[in-house]
Amino acid sequence: MHPTRVVVLGAGIVGAACARELAVAGLDVTVLDRGGPASGTTSHGEGNILVSDKVPGPELELVLLSRRLWPEVLDAVAEHAAPTSPSPSCAEWDPKGGIVVATTDDGADGLTRLAAAQRAAGVRAEPMGSREVRAAEPFLTERHTAAVYYPDDAQVQPAGAAMVLLGDALAHGAVLRRGHEVVGAVTRGGRLVAVRTTRGTVGGDVFVNAAGPWSGGLSVRLGAPVDVRPRRGEILVTTPLPPTVFHKVYDADYVGAVGSGDTGLQTSAVVEATRGGSVLLGSSRRHAGFDDRLRPEVLSAIAATALRLFPALADVPVMRAYGGFRPYVADHLPVIGPDPRLPGLWHATGHEGAGIGLSVGTARLLRELLLDERPSLDPAPFRVNRPAVWGEPATADGTEPAGPDAGTVTDTGAGTTGEGSAAAGSTAPDVPRPGTAPHPTGTSQAPPPTEEQP
Ligand SMILES: Cc1cc2nc3c(=O)[nH]c(=O)nc-3n(C[C@H](O)[C@H](O)[C@H](O)COP(=O)(O)OP(=O)(O)OC[C@H]3O[C@@H](n4cnc5c(N)ncnc54)[C@H](O)[C@@H]3O)c2cc1C
């Protein structure tokens, strides 16, 4: 029998997309968030939907599905938009295309090989000559050694897109409960039947962990840990400019930075304009727990790499900088599917730097698995019981075990952003402690949640 009551834990873009997909399919959906919608990473990153940075494999397949779905979903929302829902135009959908640029001979070799492999996998990747590059991006450095145009790269405004998806979910009967921090599990007969929140217990047939970089900590609270950790990233924002950058433009090194597991600071140039005229200069990657301090050395490294691509930006005022935490899994693949250790618990998380783009494809795959429909793609690579997800200990709040660059890492199990109040802690007696990580073979050693009557 299919589940009818689904509780989505987290109202970021992944939770919003899942809520919409399931509500449209006729399920009874409740979305819980400890804050408000899009208050996590979704409002702290960029909104690129990139096919260009994916090597052939499962993530590329998922992004190709997502890229196909994005315009379809936005069209469907527009057709049925309720008067109270955010207008689909808030998503700022822009199929602007991307240009990947190499600035060294080695970079050119790598980019040419990558583009050939992507083409063989069905991606449109068109080598550009110097004249074409100049016509497409007149302010781009002339010192490039290769460039490839990806017509299918696109962009949304991430928080706006999440609100559009969530608005449509609500229009299809979903319910949003803000200010509900999930602190524990209620099981019956070994099955998850409810979650305990700071505002009471919420029951359901299925619970979807969509808590982004906090999914690791949340999964520990629920007694079925998955190893999702925060990977910090920062962005600089210029004042609005006359048209200067026309596509998503990034350095070929970016693909290497995305795929790297290096815990130290990495920066690669990613430059794009927004609808308002500001140019976003990104981005950095580093493991720093949930330390959200902006660091001058990181910001200056981002600026320096961006200027190598666009020297003309040297005199442009930067009006602000911000950062967020990507939900990182060591094998760089999202986690989508049921948790075999705890029937009733599902995960839709771990999208790292691609969760905006991958959200709608993730939601489609989740629905297909949940309703026993034929999946659009092979779900096996995203399964929960794989070594990168179960193999490493996560601390109770999902941060890195303390390292030289680590920020505030707590092991109280009471929260992840410092908001873990005494109240939250006192209502979470079943939070497993650090060191109760899943066994590499997949047998969880975490103590199960207390068996209770809901
Ligand atoms: C600098 C930077 C640039 C990026 N650029 C891009 C890009 O160009 N393209 C792209 O696709 N992706 C990009 N990303 C990644 C993207 O932002 C994320 O993958 C995506 O936002 C993850 O969405 P989510 O819904 O999984 O998580 P989140 O948006 O973090 O949502 C999780 C939600 O769960 C809630 N929550 C957490 N714990 C609990 C709890 N215990 N109880 C209840 N609620 C809880 C939080 O309040 C939050 O609202 C970027 C990220 C960064 C940091």
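Positions are given from 1 along the sequence. Numbering of ligands and ligand atoms starts at 1, following listing order.
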Q: Side chains of S284 and E234: do they bring a donor and an acceptor to under 3.5 Å?
A: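 S284 vs E234: donor-acceptor pair found between side chains.
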Q: Taking all atoms of both residues into account, what is the closest heavy-atom pair of Y150 and A125, and its distance?
A: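 So the minimum-distance heavy-atom pair works out to CE2-CB, 3.5 Å.
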Q: If I apply the N/O under 3.5 Å rule, does P213 come out as touching ligand 1?
A: no
Q: Considering both backbone and side-chain atoms of G45, is one of its nitrogen or oxygen atoms within less than 3.5 Å of a nitrogen or oxygen in ligand 1?
A: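 In this structure, G45 places no N or O atom under 3.5 Å from an N or O of ligand 1.
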Q: Just going by heavy-atom distances, which of S219, A211, G40, P230 is nearest to atom 32 (C) of ligand 1?
A: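 Looking at heavy atoms only, A211 sits closest to atom 32 (C) of ligand 1.
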Q: If you take the nearest heavy atom of each of V228, V182, L50, which one is closest to atom 41 (N) of ligand 1?
A: V182
Q: Given N48, D33, L222, V31, which has its nearest heavy atom closest to atom 49 (O) of ligand 1?
A: D33
Q: Could you tell me whether E234 and ligand 1 have an N or O pair separated by under 3.5 Å?
A: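 Between E234 and ligand 1, no N or O pair is found under 3.5 Å apart.
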Q: Is G323 near ligand 1, meaning one of its heavy atoms is under 4.0 Å from it?
A: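 G323 does not count as a contact of ligand 1 under the 4.0 Å cut-off.
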Q: Is it the case that ligand 1 has an N or O less than 3.5 angstrom from some N or O of L9?
A: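 There is no such contact.
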Q: Quick one: does D153's side chain get under 4.5 Å of I49's, heavy atoms only?
A: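 They are not in side-chain contact.
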Q: Would you check whether H44 has a nitrogen or oxygen atom less than 3.5 angstrom from a nitrogen or oxygen atom of ligand 1?
A: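 No.
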Q: Using a 4.0 Å cut-off to any heavy atom of T42, which atoms of ligand 1 qualify?
A: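 So the atoms of ligand 1 that pass are 21 (O), 23 (O), 25 (O), 28 (P), 29 (O).
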Q: Do the two ring centres, one from Y328 and one from H287, sit under 6.0 Å apart?
A: yes
Q: Does an N or O anywhere in E352 fall below 3.5 Å from an N or O of ligand 1?
A: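 Min N/O separation from ligand 1 is below 3.5 Å for E352.
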Q: Would you say I235 and ligand 1 have an N/O pair spaced under 3.5 Å apart?
A: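 By distance alone, the answer is no.
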Q: Return yes or no for this condition: an N or O of S283 is under 3.5 Å from an N or O of ligand 1.
A: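 By distance alone, the answer is no.
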Q: Is it true that the NZ or CZ of R221 lies under 6.0 Å from the centre of W214's six-membered ring and within 45 degrees of the ring axis?
A: no
Q: Could you tell me whether R5 and D205 have a side-chain N and a carboxylate O separated by less than 4.0 Å?
A: yes
Q: Record the part of P327 in heavy-atom contact with ligand 1 below 4.0 Å; permitted values are side chain, backbone, both and neither.
A: side chain
Q: Between S219 and N209, is there a side-chain donor-acceptor contact under 3.5 Å, judged purely by atom types and distance?
A: no
Q: Check contact between G282 and ligand 1, using heavy atoms of the residue and a distance below 4.0 angstrom.
A: no
Q: Is there a heavy atom in H180 that sits closer than 4.0 Å to ligand 1?
A: yes
Q: Nearest 0.5 Å, what's the CG-CZ distance between D152 and R67?
A: 5.0 Å
Q: Is there a donor-acceptor pair closer than 3.5 Å between any side-chain N or O of T274 and the backbone N or O of S278?
A: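 Present.
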Q: Taking only heavy atoms of I356 into account, list the atoms of ligand 1 that are under 4.0 Å away from them.
A: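 Contacts of ligand 1 toward I356, numbered from 1: 10 (C), 11 (O), 12 (N), 16 (C), 17 (O), 21 (O).
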Q: Applying the salt bridge (charged side-chain N to carboxylate O under 4.0 Å, His left out) criterion to E352, which one of R326, R229, R231 satisfies it?
A: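 Per the salt bridge (charged side-chain N to carboxylate O under 4.0 Å, His left out) rule, the option paired with E352 is R231, out of R326, R229, R231.
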Q: So, H247 versus E137: side-chain donor-acceptor pair below 3.5 Å or not?
A: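 Judged by distance alone, the side chains do pair up.
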